[in-house]
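Remarks on the structure that follows.
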Amino acid sequence: MRYVAPATVDEAVAALAGATGTAKLLAGGTDLLVQMRSGRVRPDLVVDVKRIPGLIGIREEDGAFVIGAATSGAVLDEHEGLKQAWPGVVEGMELIGSTQVQGRASLVGNLCNASPAADSVPALITARAVCVIAGPKGRREAPVETIATGPGKTSLARDEFIVEFRLPKRPPRSADAYLRFIPRTEMDIAVVGAAVNVTLDAGGTCTEAMVVLGAVAPTAVIVTAAAEALVGSTLDDAALAKLDAAARAACKPINDKRGTIEYRTKVAGVLARRAAAIAFQRAGAR
Amino acid sequence: MAKTHVTATVNGEPAEFLCEAHETLLDVLRDELGLTGSKEGCSSGDCGACSVTIDGRLVCSCLVLASEAEGHAIETIEGMARGEQLHPLQRHFLQEGALQCGFCTPGLLVAAKSLIEHHPDPTETEARYWLAGNLCRCTGYDKVIKAVLGAAAEMRGAAPAAATDEARVS
Amino acid sequence: MNHVSDPKKLKVVGTRPVRPDGADKVTGRATFGADMRMPGMLTGAVKRSPHAHARILSIDTSKAAALPGVKAVVTAADFPNIPSEEAFVGEGPMNFRDLSRNCMARDKVLYEGHAVAAVAATSPAIAARAVELIAVEYEVLPHVIDVEDAMADGAPLLHDDVFTAGVEPK
């Protein structure tokens, strides 16, 4: 196995393009090294992106946030501006692993590892986050929901990698929330994850919404009917009931030791309600 | 495959070593630098026995390639005491009996030190959640938390904890 | 009930002593088994069965033995075939034949993870590579993981020479 730590995006792209055998990108390493140690993956080349300028760090551009792909969860959690604007995005990332894992784990790793249960993905989708992808032909952008195509699979070409995430400028009175259910208290894989992002008008009526569920299908699910249940409502009981039903209907989960299909489906409805309540409350307070 | 030459700072001292691409920071600390205080409990980032800090950030050294350490400052359990003078956390662990077999202890101490540096006045809940990545099979955690909160209080200069019980017989 | 006539004679009971190995454990100085390092020491690694129940048809260790750095490769063929003999070994009876088979499988593997071969090499990486190079041919047999299934007629038998005394038919 070879390890390289390119100093520029172009060097990294060249390393990926020129690799014979399996090349893996390394950001935080909290998925890659586990897979290497268990023998699940045996890369011929590891490309460490952390020394490339811009891959780590958070900056604001006219209210929009640009997050370096390899920025750790711990750094995200220390950024007051980001937490204020996108509490759901940050709390999704913060649920991953332990304090130690947070010290290294990144949004790009969580996204590109492409676990159906990835905790940072649903809220990134509801945030309308865009990935900036570098490749041999330069940069391109893609909505974050187009990246994971199935468990362990992404739409990225082998000589491409994500350099940053862009979160759009928020309209006023809008907020997000992410909740997940796990059997333990910490350190577990989501049985269900639910992200809700809403915008309210001055009277508290929802004008715009997105609801995304994680861990209930091979990739995160955008539940359009759930969003429709919220728009035009003040999150009254009728809206909550429609939201719950829409969330449940969108689930295509698996049976495993963490939960049966019936259980995951029921919890999806519950978490969608709770996440919506938190998002509404946060948005209304702005 | 040729080894990589790495220069880093370990416990405040310059360190350099050769490593293979697949070797982890934990491997190198233990096998090259003789710092066997950090332990390998799981190789999957779940148990925290390998906890160290990199540039002040708490991490699992089993999930860091040794090559990634280039240019960074690593702190391990071996850097906690100052010569023979124990860190307050180490003293409180001893006083409270917050260890039995001792295998998880270095990781817990490194993690707890990081907790207090980031949150000098943690609540019990904050301490428990921060330390969720450090597993202990022996103690049941209660005495660990008591030791951590006591050490945090001492380091804040708060009133010292009540003197431990004098020898007494019922 | 207190059998001590003079409590003032108690020197340790009723006190809170710091455990004698505590300082070593909280500083990371305490040496656990995996922390031992000696010049020229070898590292062992074990080849384990991926099957819950299988007959071992053949084990080819030639590629492992030929790997530079490998100093020994063993299978059950390198050990005496311990015959059936029951003995009380402390907490209850054991059969030495079963005990020895559990150390290293002979003829059959009885659980996923059952050791079938082992290597000693000059580094952990070489030992791990050598284990991968050992080729084992198995005839996979059915297994059960449920008590009811195990009691059913025709359930797979692990030992064709083990019978419950006093039960007919055998």
Side-chain angles (χ1 to χ4, degrees), chain B residues 1 11 20-23 26-27 29-41 49 51-52 76-110 112 138 147 163-170, chain C residues 1-48 67-71 112-113 119-133:
Chain B
M1 196 70 252
N11 296 327
E20 310 230 11
H22 67 268
E23 283 186 288
L26 179 65
D27 294 333
L29 287 171
R30 289 175 54 77
D31 299 337
E32 291 296 320
L33 300 177
L35 299 170
T36 55
S38 308
K39 311 296 182 195
E40 178 154 31
S51 299
V52 301
T76 73
I77 180 65
E78 288 89 349
M80 242 177 113
R82 298 247 170 272
E84 289 304 309
Q85 198 191 9
L86 297 178
H87 187 280
L89 271 167
Q90 291 168 313
R91 269 193 286 105
H92 280 258
F93 265 55
L94 292 177
Q95 283 160 20
E96 297 301 330
L99 64 146
Q100 292 180 31
C101 82
F103 196 79
C104 74
T105 305
L108 263 171
L109 285 166
V110 169
C138 297
T164 53
D165 299 25
E166 306 286 359
R168 60 185 169 83
V169 178
S170 59
Chain C
M1 186 151 139
N2 191 347
H3 292 280
V4 176
S5 50
D6 183 357
K8 292 198 213 64
K9 286 198 180 132
L10 294 172
K11 295 199 195 87
V12 179
V13 171
T15 69
R16 292 172 60 107
V18 169
R19 52 185 306 139
D21 57 2
D24 281 345
K25 286 177 176 174
V26 297
T27 54
R29 285 195 301 242
T31 310
F32 293 78
D35 300 329
M36 289 203 63
R37 299 276 177 284
M38 286 182 287
M41 78 179 209
L42 302 177
T43 303
V46 178
K47 180 94 182 169
R48 299 185 180 279
L67 189 66
V70 172
K71 299 300 180 188
E112 187 183 327
V119 307
T122 53
S123 81
I126 295 174
R129 182 78 194 112
V131 160
E132 286 174 356
L133 291 174

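Just so you know, these numbers use all the heavy atoms, side chains as well, and skip hydrogens, waters and symmetry mates. On a predicted model such as this, the values are computed, not experimentally measured, just so you know. Letters go in sequence order (proteins before strands), and every chain restarts at 1.
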Residue among L108(B), L94(B), L35(B), T105(B) with most heavy-atom pairs under 4.5 Å to chain C: L94(B)
Which of G97(B), S38(B), C101(B) touches chain C most, by non-hydrogen pairs under 4.5 Å: C101(B)
H87(B) vs R82(B) side-chain heavy atoms within contact, under 4.5 Å: no
Check: L99(B) and R19(C) side chains under 4.5 Å, non-hydrogen atoms: yes
Inter-residue atom distance N11(B).CG - I77(B).CD1, 0.5 Å rounding: 9.5 Å
Interatomic spacing from CD in E78(B) to CZ in R29(C) - rounded to 0.5 Å: 10.5 Å
Side chain, backbone, both or neither of A30(C) within contact of chain B (heavy atoms, under 4.5 Å): backbone
D31(B) versus chain C, the contacting section by heavy-atom distance below 4.5 Å: both
Side chain / backbone / both / neither for E40(B) at chain C, heavy atoms under 4.5 Å: neither
Check: D35(C) side chain, F32(C) main-chain N or O, donor-acceptor pair, under 3.5 Å: yes
